[in-house]
Amino acid sequence: IIIHGLLGRPRNWNTVSKQLNPHFNQIEYPWLRNHGEGIRSSDMRLRDLSLDLKKLTQSQTSPFMLMGSSTGGMAIMRHLVSDQKELPKLFKGGIIVESVPAPRPPTMPNLYEELKAILNLDLKKTNTMKKCHESLKEAIPNQAQRGFLLSCIDFSNEEEPKFTTDVKAIYDNLDGMNWDLEGQKYDGEAQVDFIFGENSPYFNDAISQSGVKRTFPNSSVFSIPKAGHWVHVERAEEFKELILQ
């Protein structure tokens, strides 16, 4: 079961999932709440994402693993720590990608301001992806970041573009998505491991790595060379091989 990250979507994992498909009976890609086909709610703190996962894992009828990146990884970690006594025996392990149970170094340091700029778009006037890019050049100078954030808008109908992700709910709950179980740890039997890009701020931050060992003391930590935060995209083949190991 692969959980995507904040403002992401299951298709972000297409390349990796195609490579993993032959090795698993089934791969599921649930949506985070307020994303795509996920449930809609004004509540989107980390504990809310964790509760969604609890419902999902308790509904499983065959052995399963959990893998999540960034905020998806945060939700998995919180679920494993807070609900470990209620985890089904069918849970066989977890893989956390580019996420840590600690204060996170900013991979998108200007996200508050950028989301506000997205919310202030007048989609009746800027009704195409190109027009939105032009409108946001000053607020979001990085073209790749603009494209990533604009992927939460469906421009297929130029008369009525619409948000496919509830950006307002995310903006309102950003502070509540930080790690909130300091001092607690996971003692479950199923192994939980971590994967980082070698150049990622998560991998090179001492506070982040100490949080991993403190909260998941039996975990193994792996890094993939020549990769940053988007490790599963930047080094898809190496990532797949590590998963299969």
Over all heavy atoms of both residues, which pair between [X] and [Y] is shortest? Give the atoms and the distance, please.
X	Y	result
Lys226	Glu234	O-OE1, 4.3 Å
Ala227	Arg235	CB-CG, 3.9 Å
Thr164	Arg9	OG1-NH2, 3.7 Å
Ala117	Ala139	CB-CB, 3.7 Å
Gly68	Ile76	N-CD1, 3.3 Å
His133	Gln143	CE1-O, 3.7 Å

Say you draw a straight line from [atom1] of [X] to [atom2] of [Y]; how long is it, rounded to the nearest 0.5 Å?
X	Y	atom1	atom2	answer
Phe203	Asp205	CZ	CG	11.5 Å
Arg40	His35	CZ	NE2	8.5 Å
Leu66	Lys92	CG	NZ	13.0 Å
Leu149	Cys132	CG	SG	11.5 Å
Leu56	His79	CG	NE2	8.0 Å
Leu150	Leu121	CG	CG	7.0 Å

With no hydrogens and no angle check, just 3.5 Å: does a side-chain donor-acceptor pair link [X] and [Y]?
X	Y	value
Ser69	His4	no
Glu98	Ser200	yes
Lys18	Asn14	no

Heavy atoms from other residues, nucleotides or ligands near [atom1] of [X] exceed 12 (cutoff 6.0 Å):
X	atom1	answer
Leu90	CG	yes
Arg214	CZ	yes
Asn120	CG	yes
Glu160	CD	no
Lys213	NZ	yes

Val192 pairs by side-chain contact (heavy atoms from CB on, under 4.5 Å) with which of Thr215, Val81, Ile96?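 Considering Thr215, Val81, Ile96, a side-chain contact (heavy atoms from CB on, under 4.5 Å) with Val192 is found only for Ile96.
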Is there a chain of hydrophobic side chains (I, L, V, M, F, W, Y, each step under 4.5 Å between heavy atoms) that links Phe155 to Ile118?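 Yes, it is one cluster - the side chains of Phe155 and Ile118 are joined through contacts under 4.5 Å.
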Cluster overlap Leu51 with Tyr186, hydrophobic side-chain contacts below 4.5 Å: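 Different hydrophobic clusters.
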Listing request: all salt bridge (Lys or Arg N to Asp or Glu O under 4.0 Å) pairs with a residue in residues 183-199, at least two apart in sequence or in separate chains.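 Listed by first then second residue: nothing to list.
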Would you call the rings of His229 and Tyr202 parallel, tilted or perpendicular, where under 30° means parallel and over 60° means perpendicular?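 His229 vs Tyr202 ring planes: parallel.
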Carboxylate-amine/guanidinium contact Asp180 Arg78, below 4.0 Å: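 Arg78 and Asp180: salt-bridged.
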So that I can tick it off, tell me whether Glu237 and Lys240 are bridged by a salt bridge, with the cut-off set at under 4.0 angstrom between side-chain N and carboxylate O.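 Result for this pair is yes, salt bridge flagged.
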Any donor-acceptor pair under 3.5 Å linking the side chain of [X] with the backbone of [Y]?
X	Y	answer
Asp83	Leu80	no
Ser50	Leu46	no
Thr128	Lys131	yes

Audit row: Met177, Arg45, side chain to side chain contact (heavy atoms under 4.5 Å, CB included) steps and yes/no: CA-CA 5 Å; Met177 293 186 203; Arg45 293 159 294 185; 6.0 Å; no
Which Ile, Leu, Val, Met, Phe, Trp or Tyr residues join Met67 in one cluster when any pair of side-chain heavy atoms under 4.5 Å counts as a link?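 Noted: Met67 shares its cluster with Ile2, Trp13, Val16, Leu20, Phe24, Ile27, Tyr29, Met65, Ile95, Val97, Ile195, Phe222, Ile224, Val231, Phe239, Leu242, Ile243, Leu244.
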Check the pair Tyr171 / Asp166 against side-chain hydrogen bond (donor to acceptor under 3.5 Å, both in side chains), numbers first and verdict last. CA-CA 9 Å; Tyr171 178 82; Asp166 191 339; over 6 Å; no
Report the C-alpha distance between Gln60 and Ile1 in whole Å, list the side-chain angles of each, state the deciding distance to 0.1 Å, and finish with yes or no for side chain to side chain contact (heavy atoms under 4.5 Å, CB included). CA-CA 10 Å; Gln60 299 304 304; Ile1 302 175; 3.7 Å; yes
